[in-house]
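Everything below concerns the one structure shown next.
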Amino acid sequence: MLLRPLLLALALQPLGAQILIEPAHGVLQAGQTQAFTARTQEGEPVACAWNVTGPGGTIGPDGTFRGEPGLHRVRGTSLRDASLSGETRVLVLEDHPGLRTVGKVDPGALGPGWSEALPFQDITTGKRLGDPGAKVIALKGAAFPQREIIGYGLAASVTWPAPGLVPDAVLMSWTEGHEPVRKDVTGSHGAVLRARAAITGARVEFLNQASPRAWTSLVQPLTITVRGLLPFAGNPLGPGEADGRGLSARFRRAEGLAFLPDGTLAVSDSQARALRLVDPGGRVRTLPDIPLVSPSFVTAQGDAILVADAGSHVIRRVDARGAATVLAGVPGLRGHRDAAAGAEALFDDPQGLAVDGEGNVYVADRGNHAIRKIGPRGAVSTVAGLPGSAGTQDGPQGTFSALMGLAWQAPATLFAVDGHSIRRVAGGCVTTLYGDPARPGSFPRIPLDGGIDGRRPCLDRPHSVAVIGTDLFVTETGGRTLQTLHLRHDGRVKPGILAGDPGRAGTRFGLFRMGIQGPLGEEFAALAEPRGLAMDGKGDLFLADGACVVHGSAPGSAAPRLAPAPLLGTWNPAVGLPLTVDIDAPPHAAHPPHWDLAAPTHYRWTLDALDAEGRPLIPQVRGEQHGGGGARAELVFRKPGRVNLQLTVITEDGVPAQGSLWVTVR
């Protein structure tokens, strides 16, 4: 029998669409076509000019669609008013013999353990489960573009498109961290997950039985991203020096991080005096025979790893074979000396490293209070700071006090961690961008729509800095946070805390704060001793945190995601007891930051009652809601006074929103 194309039309009305495309969905057999029509939202017909994009798809003036297998987008634009339009997506799948389009399946009739007896594909071995004699015709996966994002540890619904058939059995499988998982999902088009590690290889497999020994398999790949701070390599429970995979590996103190072109992460283990490599699967191995005294920061230069060996006062180069040489400096000899050859130059406690597009290497020479440059041919020069003179002066004669991490931004800007601040070096001029080099401070209390201009104590021992576009990411060792700095066009900085809980010591995997202020619940991530920071080029970040390396997955926007207070009702200046609080539903994904009562989603919420100093007056109230309805909390206070009601709502994709309201309790 020849292949038969099976047409599944999935109509999606985009936001702002002003005409509706009909039919909204449908299934066509081989050789058939589908005629689309357009109507206003009131039901009046609309004459349209039609357009289709996709693999081998066409549509006639009358709206008749014909298409080859693949995803198509059909768009209709009103002939009278070009601003009126609507569109639908059409997915054309191939259909093999044995895939039925009628009939029903009773999942309960299959019994427990059915997946072991049916010829599904085992994602760990690539072989078939069940009867090895079963003849299985494997189809290509339906390339349906989708991206499901779920929050760490949250109950989240993951869905997939209907394949246009009613299968005998359906199996969802994925790898969570390093553990393969299988889930019976027969009779459904979705599943609820609570992931606590990265998910890879997610897929749904549909089985149809043509005969007792002949099956047909269709695999639908899924893309599932877990947002939050996830385990990667090393164990936060204690230091060590063991190689291994994931939590079985041990670091004494992970310090500097850098990604190599092949996706391997280089880690300097400062207290173990070692250079470690972590593959994308989280497997750690130690490079042997590298003479390191006190390795601090690392960076990649092509396939090679550059290591700032602070204790030996040199910059070492480790090639792809693991062979180490001295790039610049004299081992064991500290000082300041520029030179035409790296072997003749002197450094004093080198720290941060950065590489520009021309092959120049920049070094934060902490002991000399200067930024040095190693040219492509090995010449060493001083580019900023006054060697031997510590200070916090801005301007062309800018001085540094305690340099640490460096980051390069094309075409010609360096960002440097200096003392308790972030400094910018551009055009030979030093500027204090954020914080006070000489004074530690806590995260600033500023208006949400404001920014910081000039020096202000707001960092406590920052360590590393990384730059993506107009956003900086900064690890703060003293405050145990990962902060984000959005560089505004007016030269000011808008800060936010992405992860970390200053009130808790130790690593805790969990959700990103994304600007949420305390008090924090146990669902939010905490950091023990954040130091090194590296971006993987795919939008994720990795942090060296004490005895482990953690994975910051899908951080999203660096700006705080705060919505208006999600509290309903009209509040008088004074209210009696008990105080009843009505909580609206969370913001709909399509309409942030508005609160939508009809949003069909699952969310969790916490309600804190705080005094003027931010201290809790009563125990925190928690709730969990399904669907679009709101919630209600009843609070009883022992004494009157001013109360700050602070509500935090977390949607299933791990994005929190927060609002607050002051009331007076009589």
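Scope of the values below: all heavy atoms of this structure, side chains included, with no hydrogens, waters or symmetry mates.
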Open item on the list: Using 0.5 Å steps for rounding, measure from the CZ atom of Arg604 to the CD atom of Glu652.
Closed with: 12.0 Å
Task: Centroid separation Phe542 to Phe259 less than 6.0 Å - done: yes
- [ ] List for me each residue that meets ring-ring contact (aromatic ring centres under 6.0 Å, His included) alongside Trp408, sequence neighbours excluded, and say none if there are none.
- [x] Tyr362
Open item on the list: List the residues meeting salt bridge (charged side-chain N to carboxylate O under 4.0 Å, His left out) with Arg39, not counting sequence neighbours, and say none if there are none.
Closed with: Glu22
Task: Thr33 side-chain N/O to Thr64 backbone N/O, donor-acceptor pair under 3.5 Å - done: no
- [ ] Report yes or no: does Asp540 contribute a side-chain atom to a donor-acceptor pair with the main-chain N or O of Ala554 at less than 3.5 Å?
- [x] yes
- [ ] Assign the ring pair Tyr152 / Phe509 to parallel, tilted or perpendicular, where the plane angle (0 to 90°) is split at 30° and 60°.
- [x] tilted
- [ ] Check whether more than 12 heavy atoms from other residues, nucleotides or ligands sit under 6.0 Å from atom CG of Asp536, and answer yes or no.
- [x] yes
TODO: For Thr175 and Glu179, indicate whether the former's side chain and the latter's backbone hold a donor-acceptor pair under 3.5 Å.
DONE: no
Task: Option passing side chain to side chain contact (heavy atoms under 4.5 Å, CB included) with Gln409 (candidates Thr470, Ile468, Val467, Leu472) - done: Val467
TODO: In sequence, state the C-alpha distance, the side-chain angles, and the governing distance for Glu205 and Ser173, and then conclude on side-chain hydrogen bond (donor to acceptor under 3.5 Å, both in side chains).
DONE: CA-CA 8 Å; Glu205 186 171 5; Ser173 57; over 6 Å; no
Task: Short side-chain donor-acceptor distance under 3.5 Å, Arg66 and Gln34 - done: no
Open item on the list: Please check: side-chain N/O of Gln18 versus main-chain N/O of Gly86, any donor-acceptor pairing under 3.5 Å?
Closed with: no
